[in-house]
Amino acid sequence: MSSLAAARADNFYYPPEWTPNQGSLNKFHGQHALRERARKIDQGILIIRFEMPFNIWCGGCNSMIAKGVRFNAEKKQVGNYYSTKIWSFTMKAACCKHEIVIQTDPKNCEYVIISGAQRKTEEFDIEDAETFALPADEERGKLADPFYRLEHEGEDLQKKKEAEPVLVRLQRVSDARHSDDYSLNKALRAQLRNQKKRVAEEEFVSKKLGLGIRLLPATEEDAATAARMKFSSKFERNRKEKRALINAASIFPGSSGSSLSDKKRLELGSKRRKIKAGTASELLTRGFKPSSWLKSSVSSSQSRGMSVASRHL
């Protein structure tokens with residue numbers, strides 16, 4: 001960037017027609033120092049970045065706007081509380097462009113929603129939040145009375161003594177936990193390393209099984225559920241089929257039951273022939289030598305064939 005461009009970027013460039021009696025550069029150019037943020041400065045309005053102080057419900061679309069969300073808001077003074085100014089902030093919701101107006105409340109030290117939204121009510125139990133109960137407005141006003149403060153000073157001291165052991169124990173635990181930063185960091189890194197290894201192993205097992213998702217580690221409940229599951233085996237299925245055939249068959253001979261038994265006998269005979277043909281082909285392909293029993297059976301069949309031939313002759 002050249003020196004002229006840098007001077008212009010920093011707003012330190014004085015044009016040749018400028019003279020010191022014309023005032024500042026902003027006055028010379030006829031613009032405010034805040035530029036676009038001060039476009040309504042003649043109405044007493046300044047554009048600022050407003051951060052939402054609490055969770056609210058939008059009045060336009062009933063959606064929640066979380067605490068910490070920032071808006072371009074129009075800031076203007078609407079009154080005074082003694083010598084403290086009361087400021088009003090007008091903004092538009094990003095969800096539905098609904099106008100929201102929030103004002104400061106110096107008396108109660110908080111913000112108040114005027115229109116366009118509703119504050120989200122969030123209540124917490126004092127014991128669960130581990131906090132102390134703040135005094136109410138009436139109690140806070142009575143504390144200015146010295147006699148009232150003297151009467152309740154004993155109760156406050158008793159509460160302090162009861163809460164002191166808890167606070168000391170919490171302080172000791174915090175000191176012991178953060179005494180050695182190196183060991184804490186080392187333990188945390190080891191835990192993260194083990195977690196990465198476990199995730200990598202689970203992804204590898206899932207890819208090996210052909211799954212597109214990572215399986216969680218097995219638990220005792222999963223093992224018990226798998227043990228309770230029973231799948232019907234082939235033996236059970238055959239037994240059920242035979243039982244169904246027996247129940248469907250007739251008790252009288254020569255009826256449909258005999259035809260069913262004949263069909264069953266034919267099926268068994270065909271299965272046996274297939275098994276014998278399969279074993280014979282396996283013997284031929286593998287080149288096994290026939291045993292003595294097979295040799296005797298073959299010789300006996302050959303002798304029978306020769307005797308039959310001699311009879312025919």
Side-chain angles (χ1 to χ4, degrees), residues 10-11 23-27 29-157 159-160 163 167:
D10 296 333
N11 201 18
S24 64
L25 287 174
N26 292 321
K27 187 177 180 181
H29 291 295
Q31 61 185 8
H32 196 272
L34 298 176
R35 309 295 171 87
E36 289 297 323
R37 291 174 55 191
R39 62 178 179 268
K40 296 182 180 180
I41 199 68
D42 55 341
Q43 304 174 18
I45 297 173
L46 181 66
I47 309 299
I48 64 164
R49 291 290 286 175
F50 180 80
E51 186 173 333
M52 192 62 64
F54 37 72
N55 298 333
I56 64 172
W57 298 104
C58 178
C61 58
N62 203 26
S63 61
M64 194 194 79
I65 300 175
K67 174 183 177 181
V69 179
R70 296 181 179 180
F71 299 89
N72 290 331
E74 297 180 355
K75 175 185 174 182
K76 64 179 179 180
Q77 183 182 354
V78 293
N80 289 303
Y81 177 72
Y82 295 105
S83 60
T84 305
K85 297 179 180 179
I86 299 176
W87 298 101
S88 173
F89 305 94
T90 305
M91 67 209 78
K92 290 186 178 180
C95 49
C96 61
K97 303 301 179 182
H98 187 69
E99 190 176 83
I100 301 172
V101 180
I102 298 178
Q103 286 186 6
T104 58
D105 186 6
K107 181 180 179 181
N108 299 316
C109 300
E110 63 178 359
Y111 290 90
V112 179
I113 300 174
I114 303 301
S115 63
Q118 183 181 0
R119 184 169 181 173
K120 184 180 179 182
T121 305
E122 295 178 341
E123 296 181 355
F124 301 95
D125 191 7
I126 297 174
E127 296 181 357
D128 295 340
E130 298 181 356
T131 57
F132 294 99
L134 297 176
D137 295 337
E138 298 178 357
E139 294 282 339
R140 202 178 302 170
K142 292 178 181 180
L143 289 175
D145 187 2
F147 291 101
Y148 182 84
R149 190 167 60 251
L150 182 62
E151 289 176 359
H152 292 78
E153 189 175 359
E155 297 180 2
D156 296 339
L157 290 175
K159 290 180 181 178
K160 180 183 177 183
L167 296 175

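Here the structure is a predicted model, which is why all the values come from computation and not from measurement.
- In this view, Arg39 satisfies the side-chain hydrogen bond (donor to acceptor under 3.5 Å, both in side chains) rule with no residue, not counting sequence neighbours.
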For a quick test of your reading: what N or O donor-acceptor pairs under 3.5 Å do the side chains of residues 84-99 make, sequence neighbours left out?
none

**Asked** Can Phe71 and Ile65 be said to form a side-chain contact (heavy atoms from CB on, under 4.5 Å), step by step?
**Response** CA-CA 11 Å; Phe71 299 89; Ile65 300 175; 3.7 Å; yes

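- With sequence neighbours excluded, the residues satisfying side chain to side chain contact (heavy atoms under 4.5 Å, CB included) with Ser24 are Asn26, Lys27.
- Separating the CZ atom in Arg37 from the CG atom in Leu46 is a distance of 5.5 Å, to the nearest 0.5 Å.
- The minimum heavy-atom distance between Ile113 and Gln118, with the atom names listed, is CD1-C, 3.9 Å.
- Across all non-hydrogen atoms, the minimal contact from Ala117 to Ile100 is CB-CG2, 4.0 Å.
- Listed by first then second residue, pairs satisfying salt bridge (Lys or Arg N to Asp or Glu O under 4.0 Å) with a partner in residues 42-64 read Glu51-Arg70, not counting sequence neighbours.
- Taken from CD1 in Ile47 to CD in Glu74, the straight-line distance is 4.5 Å, to the nearest 0.5 Å.
- For Lys120, the salt bridge (charged side-chain N to carboxylate O under 4.0 Å, His left out) partners are Glu122, not counting sequence neighbours.
- Under a cut-off of 6.0 angstrom, the local environment of CZ in Phe54 is crowded, with over 12 non-hydrogen atoms contributed by other residues, nucleotides or ligands.
- Residue pairs meeting the salt bridge (Lys or Arg N to Asp or Glu O under 4.0 Å) criterion with at least one member in residues 101-112, sequence neighbours excluded, are Glu110-Arg119.
- Applying the side-chain hydrogen bond (donor to acceptor under 3.5 Å, both in side chains) test to Gln77 and every residue at least two apart in sequence or in another chain returns Asn80.
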